[in-house]
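First comes the structure, then the notes that go with it.
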Amino acid sequence: MNEIPGETTQEQTFYEQVGGEETFRRLVRRFYEGVAADPLLRPMYPEEDLGPAEERLALFLMQYWGGPRTYSDHRGHPRLRMRHAPFTVDRAAHDAWLRHMRDALDSLGLAPEHESELWRYLTYAAASMVNSAH
Ligand code: HEM
């Protein structure tokens with residue numbers, strides 16, 4: 001671990017470079033505020049309380065980017081396409097999901113290279129989750 005503030009090294013994971021857990025929690029918190037107010041997405045979430053879904057997405061993203069492996073300790077292998085199969089992820093759902101993610105990402109004020117790397121992943125992952133042609 002590097003102790004010098006502001007200095008990054010090759011050994012740092014992307015997770016560490018962008019600010020660790022706090023950054024991913026802020027991203028997902030803001031994202032779910034958007035979902036909570038979205039007339040298309042909100043009814044797709046089976047639980048009344050969005051808190052547990054927020055926790056799962058935060059832990060997944062933290063793990064994906066090199067943080068702790070808590071997601072898989074609790075949930076096993078992600079198998080995200082399979083886990084989305086019960087939900088109709090069509091173009092409209094995809095667009096709404098990404099719109100809230102874009103808003104959440106913008107709220108973080110990350111360095112441009114981090115922001116674009118995260119966005120590239122999120123757009124790729126969202127496209128791969130589409131499971132309905134409508
Ligand atoms: C494209 C539009 C998407 C829609 C409409 C959507 C919708 C949903 C819904 C309704 C759930 C169930 C809520 C829950 O119980 O957790 C869910 C779960 C989840 N989604 Fe998505 N999702 C989308 C894309 C993505 C993407 C791109 C990712 C990853 C980058 C992702 C990661 C997750 C994770 C980690 C879970 C929890 C899986 C589990 O452990 O059960 N989703 N999603």
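Reckoned from all heavy atoms, side chains included, excluding hydrogens, waters and symmetry mates. Atoms within each ligand, like the ligands themselves, are counted from 1 in listed order.
Ranking the protein heavy atoms by distance from atom 16 (O) of ligand 1 puts Arg56 NE, 3.0 Å first. The nearest heavy-atom contact from the protein to atom 13 (C) of ligand 1 is Tyr45 CD2, 3.5 Å. Nearest protein neighbour of atom 30 (C) of ligand 1, counting heavy atoms only, is Tyr121 OH, 3.5 Å. The protein heavy-atom contact nearest to atom 41 (O) of ligand 1 is Arg75 NH2, 2.6 Å.
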**Request:** Verify side-chain hydrogen bond (donor to acceptor under 3.5 Å, both in side chains) between His84 and Asn131, making sure each step is shown before the conclusion.
**Result:** CA-CA 8 Å; His84 287 76; Asn131 58 23; over 6 Å; no
**Item:** Chi angles and distances behind the side-chain hydrogen bond (donor to acceptor under 3.5 Å, both in side chains) call for Gln63, Thr70
**Value:** CA-CA 7 Å; Gln63 173 171 313; Thr70 320; over 6 Å; no
**Request:** Determine, stepwise, if the pair Arg29 / Glu22 fulfils salt bridge (charged side-chain N to carboxylate O under 4.0 Å, His left out).
**Result:** CA-CA 10 Å; Arg29 162 55 47 91; Glu22 190 196 330; over 6 Å; no
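For the ring pair (Phe, Tyr, Trp, His ring centres under 6.0 Å) with Tyr15, the qualifying choice from Tyr64, Phe24, Trp65 is Phe24, the only one to do so.
Under the rule for a salt bridge (charged side-chain N to carboxylate O under 4.0 Å, His left out), the partners of Arg25 that lie at least two apart in sequence or sit in another chain are Glu21, Glu55.
At under 3.5 Å, a nitrogen or oxygen of Tyr71, whether backbone or side chain, sits near a nitrogen or oxygen of ligand 1. Ligand 1 has no N or O atom lying under 3.5 Å from any N or O atom of His94, backbone or side chain.
A salt bridge is defined here as a Lys NZ or Arg NE, NH1 or NH2 lying under 4.0 Å from an Asp or Glu carboxylate O, and Arg99 with Asp103 fails to meet this definition. Between Glu54 and Arg30 there is no salt bridge, since no side-chain nitrogen of the basic residue lies less than 4.0 Å from a carboxylate oxygen of the acidic one.
Listed by chain and number, the protein N, O or S atoms at a distance under 2.8 Å from atom 21 (Fe) of ligand 1 are His84 NE2.
In the vicinity of Phe60, heavy-atom distances shorter than 4.0 Å reach the ligand 1 atoms 29 (C), 35 (C). Close contacts of ligand 1 with Ala125, meaning ligand atoms under 4.0 Å from a residue heavy atom, involve 27 (C), 30 (C). Distances below 4.0 Å separate heavy atoms of Met44 from the following atoms of ligand 1: 5 (C), 10 (C).
Residues Leu98 and Leu40 are members of separate hydrophobic clusters, defined by side-chain heavy-atom contacts under 4.5 angstrom among Ile, Leu, Val, Met, Phe, Trp and Tyr.
Contact annotation for Tyr64 and ligand 1: no heavy atom of the residue comes within less than 4.0 Å of the ligand.
Inter-residue side-chain proximity for Leu105 and Leu27 is flagged as met; some heavy-atom pair is nearer than 4.5 Å. Trp119 is listed as a side-chain neighbour of Met101, based on a closest heavy-atom distance under 4.5 Å.
The 12-atom threshold is exceeded at CZ of Arg75, counting heavy atoms of other residues, nucleotides or ligands nearer than 6.0 Å.
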